[in-house]
Structure formats: structure tokens, C-alpha cells
Enquirer: 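The structure under discussion is supplied below as C-alpha cells; questions concerning it will follow.
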Amino acid sequence: MSTSAGPRDARPRDGKTVAVGQAFKEAGRFDRAQVSVRAGLIAAIPVAAMLALGTAIGSPDAAVTMGVGAMLAGVAWRAGDGPMVPPIGTMAGATVALGIATLAGTLGGRWAWLHLLLLVIFCLVAGSAASLGRRGVVIGTQSIIAFIVFGRFPEDLPHALALTGLVLGGGATQVLFAAIVAVPLAWRRQRAALAAAYGALAEFTAEVTRSSMPAATALEAADQVLAAPALFADQDRDALADLVGEGRRIRLELIGLSTLLAQLRRTDSDLSKATSDEVHDALERLHELLVLTVGAIDGDQSTLAQLPAQAAEVSDWGAAREPLASAALDQRLAALIGQVTAAARLAAALHSPGTGGGAIPGRPSLGTRRIGSQLAADVHRMRTGAALDTAAGRHAVRLAVVVALTELLVQRVALPRAYWAVVAASTVLRPSFGQTFTRGAERVLGTMAGVVIATLIAVALDPSGWGAVAVVAVLAWCTYAVFPANFAAGVAMLTGVVVFLLHAVSPDTAQIALDRGIDTAIGGAIGLAAYLLWPTWSALSIGPLLATLADTQHAYLDAVLSGLTTGRRMPETQLRTLAREARVAYADAQGAIELARSEPPHGHGADPRTAATVLSALRRLVYGLHVLRLDIATMPETKPLPLLAALQAGLDQALSVLAATLRDAKHRPFPPLRTLHRDLARGHPELLSQAVWAGLDELVDATDTAAATVGLTVP
């Protein structure tokens, strides 16, 4: 996709300086709403407990090793934008990664060449894992830290296995404690996940012009929670699963309604104005009913008592209302009213949590398949993201090169504990400009503050033995409590934790703190300088990511339209998988565009403003496909409609041309979609309902808009 000139290129060429300054400014922001005393306490207890256990049995080495495992597993929960409820999967993945890295580091550390080779491999894998989002970054970063740190303690196989067992024990303790204390019981998680999904649906109903992705993501999460094995599951789990299905249909109906409203605004403003008040009134009623449904799912007794009457009232109003002037819009609204009231009745029939929560064994085989499927999807995503035309792929190569060079440098510098410089270089680097300099600033500034804090504590208290355990407990609590509020503050407290953990085996606390500060400053400076000299611009990934989005939508479109042209409809589960792939591709492209907008001007890659317009058109395309899929599902089984094959072929060609153009910016002939649709609709109006013709019109218009935006000549 071509890059536009003009205003973007006219911006000051010292944009990097401005962006770096902005990144350091962002590092100073403190969000007090994200501070959690309770979460900090829960995450700190295992760290202090591991150190206390080692102290009690007189084994400081074991105490520190287990404490490090627990500390890093806790960081996987609370660091950065960590959620309030522990992400047990991410924490468990980080613990496993810590174990693998510890074993590899201690065994490979005996040979410098092998240590360097394994370090490069770990960096490449960790960099590719950035394509998975936060959990990939967290797990990858923890594995590099463990490899570098424990690689400084070469061991033979028996001792390496023992050391790995201690790290795994500390991490597993953190995960288990968080799962028992901080994660709600299974029945409560299931209710909460479904309530969150219906809350997202209620928000979408209140404003149908917004993205439906939060609702889709929440419904997917609820489905996963319900399908996972659970010892104390909700006795109404089947009803909750039915509510997930109803929620998916409600989301599609809302998308259909939103699409038709937008279409009317473009094509018939008078009709749009004539129906807007009625539609707004209906959506307000449905929003209120969905809010009550959320309360019923959550088990609120007063809501459960009034929901049946409210659902009946909305249903009666829907049956008695005057039809809308637009037949297609009226049909869509009627279907939406039916779906929402049906969901409300299902929710009203649920038992309250006080009588639920029986000991119902889950379906372990299904849960195992889910885990295996998720791992396979993650591996596929990492392999796809490992290409050099993606941000994650370029980040992986840069990470491996910079960290390896830093490792070679510190091997020749007479600095105590210089491996911390390698750790700093690896943790500063991120796939994007803004992330690198914001996190780099936070890490360096936080470490400097932590050095001061640790030194002051050491001078004032000089803790040892159980005193050191108490200091670690307090600092760990502060670390995990404030980490999501401000990364720099979390790093400052974490630096103190590291210093006093090492105090158990090396009592020279002030010197340890000073060494950590110097080495972190060196490593951080290397990482930031390397990014300035070798930046990764997110705009370079936009074209390929948009092309991937067009490809996934192409597969989804073929599956949906083939149900009409051949009469053989694809199973709903397969259609849902294709829709999910399109949603993931959309999120990837959207993330790259947002990152590109935050970067300084550089003249490389796609213009994020043009890309945002293309993304908007492709969003309309996938919404149109959702609506068409819903309409086809409600149609009775009919004979094949081969007359639609020409339009399907035209859309196939159009999306293929669009994807190819987004990849290489070469213009190709574009099919006359509008002519194909118009001739077919005028010549054979009886083939399909007005609503389905409108849905096909939306597909054509969205595809044409995307093509025209990238510079293709649209007939």
C-alpha cells in the first residue's frame, strides 16, 4: 500500500526527539485507580514464604532460588497492564518457561559458545511470542531473564535439575496460591464471564455505531470458561451455555441493525430520519433489559424477581408496535427484540448462586482439547509472526542481535554482576518505538529509584535473617500493588526485592544495589540506542496485515456465500472459526495502525491515516458478512441459487486483487461489482429477500470503498 506524502512528510524531522521526550513523559504517569492492596498482598506472600522457608531450614541458596521463581511468576500477573484477577494460564506458562530457561541456562553456561547460541534462540522465540500480545511478551521476557541469570551458574545435569526444580517450585507456589485465593470459584467465574459478555452486549446496544469486538471477545471468553474442566461448576452450566449462543445471535442482530442504519443514512436520508426515533426507543428498551439480564446472571435476587415481567413487557411492546417504514429494518429489529427477550427469559430461569455451585465435575477431555487447540493456535500465530515483514519478526531479529552483542560486550568488561546489563537490554527492547522508549524510560528510572531505596534501607536497618524476610515481604507487596499503576514505581520496588533476595547469599547490600543500578543503566542505554539506530516502524507491517485481513475475510465470504449458491451450508461451528480468524486479523491490523500513529515521522511504510480508512471499509465488509450469515441461517433450506455464482466470483476476485495490492502496491484490474449486483438484483429480485439484497449491497459497497482507498480503479 502506498505511502501518501504531504502533511505527514512536512512534519518536523526531529520527530524522534519529540517522541522520545513524550515516551519519558508517559513513564511518569501514575494511575491510582490501578493500585490494589489486596492483589499486592496475595502476590507478595509466596515470595516471602519461599524466602522464609529457606531461612527456616538454613538453606539460603534454595530460599533465593525459590523466591526468584515466585517473584517472576508474580511479575507475570501484575507487571504493566496486569489484570486484577490473576491470569493463571499466563502465570503457568511463565513458570514453565522459567523452568526450561533455567535448565538450559545452567547446562549451557559451561560453554560460552553454547550459552550464546541458546541465548540467540531464546531471544528469537521470545521476540516472535510478542505476536501473542501481553501474555507472549511476559512469558518470553521471563524466559530470557531466567536464562541470563541462571546461565551465570553452570551446573552438571543433577544439580541443574535440582536448581530447576526449586525455580519451578517457587513459581508453582505463586500460581497455586493465586488460583486458590485470588481466583473466584468455578461457578463464580462462569457467572462472571457470562455477565461480562452480556454487559458488553448492553454497551453495544446503547451505541450500535461502536465496535462489536469487545462483545465478541467477551462471549469467546465466556465460552472458554464454560468449556474448561472445573470441579465446582455451576449446576446451571447448560443454561449458561445456551445464553452464550443467544448472546452471539444478539451480537449479529445488532451488527445487522447497525449496518442497515448506516446504509439508510447513505442512501435514503428521509427514510433514515423517519425511522431513527423508533429505533432509538427500541434500543433503549433492549439496553435496559440486557442490563437486568446481567444482574440476573450475576445472581442478584431483586433483578431475578423483576426480569420475567420486564421481558414480557418488552415482548408485548415489540408485538404491538407499528412497523417501521423500512421493511428490512423492521425485520431486523423484530428479530433483535425476539433474541433479547429470549435471553432474558433464560437468565430469569437461572438459580441464584446461593443454591448453585454444586460439585459437578467438568469435562476434562473437552478442556484438554481446548488447551491443545489454544497451544496449536499460538504456535501457528508465532510462526506467522516470525516473518521479517511483521513487527514481531523484525523485533525478534533485533532482540537476538542486540542481546547477543551486549552479552559479548559484558564478557569483556570487568563489572561485577554485568549480566544485569544483558537483562536490561533484553527487557527494554519492544516491537514498537513508543513501547520501547516508554518501557525503557520506566525501567531505567525505576531501577535508579530502587537503588536509592534499597541503599537507604540497608544503611538504616541493615536487615539480615528474618529481618531480610520482612523487608522482602514489604517491598514485594509494594511492587505488586503499584505495578499496574506505574511501571517505573513497580520496577523501583522490584529492584529492592531483588537486592534483598540476593542479600541472603551476599550480604553486601549497598554494593549489590549500586551494581544493579550501573549495569541496568548500561544495558538500558544499549537497548535504547540500538532501537534509535535500528528502529522497527509499525507502518511497515500495516500493508501485510491488512492483506491478511482481506484473505481471512475472503475465506469467510466464500463459506457464507457458498451456502446460497450451492445450497450446502457450512456448519455454524466452522463459520464461527472463520469469523474468529477474521476478528484476530482485524485486531492485528488495528493494533499496527494505532502504533504507527504514535511513532515519529519517518517516511517508511503505509500512511496510517489511509490505512485506517481501509480498515474501516473492511470492518463494514465483515459486519456485512456477519449479517448475511445470520440471514441465511434463518432462511428455510432451499434449492441452490447458481445465479449468485457470478457475484460471488466477482467478490472473490475483488478481495484477491485487494490483498495483492495491499502487499505490493501494484495496481490490477478490479471487477465491476456494482454492475454485477445491480443487474442481478433488478433482473431476479425474487431470488432473495430485501434484507439479503441489502446485505449483499453492503458487501459490494465496502469492498469498492476499500479498493478505491488503496488507489485501485473501481468500475
Side-chain angles (χ1 to χ4, degrees), residues 1-11 266 384 387-391 393-394 537-558 561 581-582 585-586 588-597 599 601-625 644-680 696-715:
M1 193 167 71
S2 61
T3 305
S4 68
R8 177 177 176 177
D9 294 333
R11 291 170 61 186
R266 290 195 308 269
T384 303
L388 289 178
D389 61 352
T390 66
R394 293 191 294 272
W537 302 119
S538 301
L540 293 172
S541 304
I542 290 177
L545 288 173
L546 286 174
T548 300
L549 173 58
D551 287 337
T552 59
Q553 291 184 344
H554 187 177
Y556 186 25
L557 179 142
D558 260 348
L561 289 185
E581 291 174 355
Y586 179 91
D588 288 344
Q590 184 181 42
I593 292 171
E594 290 175 353
L595 288 175
R597 283 174 162 171
E599 292 171 352
H602 46 79
H604 302 290
D607 180 356
R609 294 170 298 180
T610 303
T613 304
V614 176
L615 186 69
S616 177
L618 292 177
R619 175 190 174 193
R620 285 176 51 206
L621 174 63
V622 78
Y623 275 16
L625 284 171
L644 293 174
L647 179 59
Q648 181 179 356
L651 285 165
D652 283 343
Q653 181 187 354
L655 288 174
S656 297
V657 168
L658 180 62
T661 303
L662 286 166
R663 285 193 172 93
D664 59 23
K666 296 179 181 178
H667 291 189
R668 300 165 174 83
F670 195 76
L673 295 181
R674 178 55 59 196
T675 301
L676 289 171
H677 177 270
R678 184 182 62 240
D679 292 347
L680 191 59
L696 290 171
D697 177 78
E698 179 69 5
L699 297 185
V700 168
D701 190 69
T703 307
D704 280 351
T705 300
T709 303
V710 300
L712 291 169
T713 302
V714 178

Enquirer: Is there a donor-acceptor contact under 3.5 Å from the side chain of H667 to the main chain of T713?
Expert: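 No.
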Enquirer: For the OG1 atom of T610 and the CG atom of L546, what is their distance to the nearest 0.5 Å?
Expert: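 Going from OG1 on T610 over to CG on L546, the span is 10.5 Å.
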Enquirer: Locate the shortest heavy-atom distance separating A539 from A596; write the atom from each residue and the value.
Expert: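 What the structure gives for the nearest pair is N-CB, 4.0 Å.
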Enquirer: If you compare all heavy atoms of A589 against all heavy atoms of L615, which two are closest, and at what distance to 0.1 Å?
Expert: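 Where A589 meets L615 most closely, the heavy atoms are CB-CD1, 4.0 Å.
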Enquirer: Rounded to the nearest 0.5 Å, what separates atom CG in L651 from atom CG in L557?
Expert: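 Between atom CG of L651 and atom CG of L557 there are 5.5 Å.
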Enquirer: With sequence neighbours left out, write down each residue that passes side-chain contact (heavy atoms from CB on, under 4.5 Å) with E581, or none if nothing qualifies.
Expert: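 Expected list: T577, L578.
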Enquirer: If we ignore hydrogens and angles and just use 3.5 Å, is the side chain of T548 paired with the main-chain N or O of P544 as donor and acceptor?
Expert: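 Between the backbone of P544 and the side chain of T548 there is a qualifying donor-acceptor contact (under 3.5 Å).
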Enquirer: Ignoring hydrogens, what is the shortest heavy-atom contact between A550 and A659? Give both atom names and the distance.
Expert: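 For A550 versus A659, the nearest heavy atoms are CB-CB, 4.0 Å.
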Enquirer: Can you tell if the side chain of L561 reaches within under 4.5 Å of the side chain of L644, non-hydrogen atoms only?
Expert: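 No, every pair of side-chain atoms sits at 4.5 Å or beyond.
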Enquirer: Side chains of L618 and Y586, heavy atoms from C-beta outward: is any pair under 4.5 Å?
Expert: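 Result no, sub-4.5 Å side-chain heavy-atom pair not found.
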Enquirer: Only counting residues at least two apart or in another chain, list the ones meeting side-chain contact (heavy atoms from CB on, under 4.5 Å) with D701.
Expert: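 With neighbours one apart ignored, the set is R266, R620, R674, T705.
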Enquirer: Not counting sequence neighbours, which residues clear side-chain contact (heavy atoms from CB on, under 4.5 Å) with Q653? List them please.
Expert: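 With neighbours one apart ignored, the set is V657, P671.
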Enquirer: Closest approach of S538 and L595, non-hydrogen atoms and distance?
Expert: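 Reported closest heavy-atom pair: OG-CB, 3.3 Å.
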Enquirer: Where do T552 and A582 come nearest, in terms of heavy atoms and distance?
Expert: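 Closest approach of T552 to A582, heavy atoms only: OG1-CA, 3.5 Å.
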Enquirer: I need the T675 OG1 to L680 CG distance, nearest 0.5 Å.
Expert: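 Going from the OG1 atom of T675 to the CG atom of L680 covers 12.0 Å.
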Enquirer: Without swapping roles, check the side chain of Q553 against the backbone of L621 for a donor-acceptor pair under 3.5 Å.
Expert: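 Side chain of Q553 to backbone of L621: no pair is present.
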Enquirer: Is any side-chain heavy atom of L647 less than 4.5 Å from a side-chain heavy atom of V700?
Expert: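 Yes, at least one pair of side-chain atoms sits under 4.5 Å.
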Enquirer: Which residues pass the side-chain hydrogen bond (donor to acceptor under 3.5 Å, both in side chains) test with T703, not counting sequence neighbours?
Expert: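 Counting only residues at least two positions away or on another chain, T703 forms no side-chain hydrogen bond (donor to acceptor under 3.5 Å, both in side chains).
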Enquirer: Between T709 and V614 (side chain of the first, backbone of the second, donor and acceptor by atom type, cut-off under 3.5 Å), is there such a pair?
Expert: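 Such a contact is absent between T709 side chain and V614 backbone.
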Enquirer: Going by the rule salt bridge (Lys or Arg N to Asp or Glu O under 4.0 Å), which residues pair with D551 if we only count those two or more places apart in sequence or in a different chain?
Expert: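 Once residues adjacent in sequence are excluded, the partners of D551 under the salt bridge (Lys or Arg N to Asp or Glu O under 4.0 Å) criterion are R663.
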Enquirer: Of all residues at least two apart in sequence or in a different chain, which pass the side-chain contact (heavy atoms from CB on, under 4.5 Å) check with D558?
Expert: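 D558 satisfies side-chain contact (heavy atoms from CB on, under 4.5 Å) with H554, Q648, D652 only.
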Enquirer: How long is the gap from CG on D607 to CZ on R597, to the nearest 0.5 Å?
Expert: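 The CG atom of D607 sits 9.5 Å away from the CZ atom of R597.
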Enquirer: What pair of heavy atoms forms the shortest contact from G624 to L699, and how long is it?
Expert: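 Heavy atoms only, the tightest pair is C-CD2, 3.7 Å.
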Enquirer: Under the ring pair (Phe, Tyr, Trp, His ring centres under 6.0 Å) rule, collect the residues that match up with Y623, sequence neighbours excluded.
Expert: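 Partners of Y623 by the ring pair (Phe, Tyr, Trp, His ring centres under 6.0 Å) criterion come out as none, since no residue qualifies.
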Enquirer: How many angstroms lie between CG in L673 and CG in D697, if you round to the nearest 0.5 Å?
Expert: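 If I round to the nearest 0.5 Å, the distance is 11.0 Å.
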Enquirer: For R668, what residues pass the salt bridge (Lys or Arg N to Asp or Glu O under 4.0 Å) criterion, not counting sequence neighbours?
Expert: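 Listed in chain order: D664.
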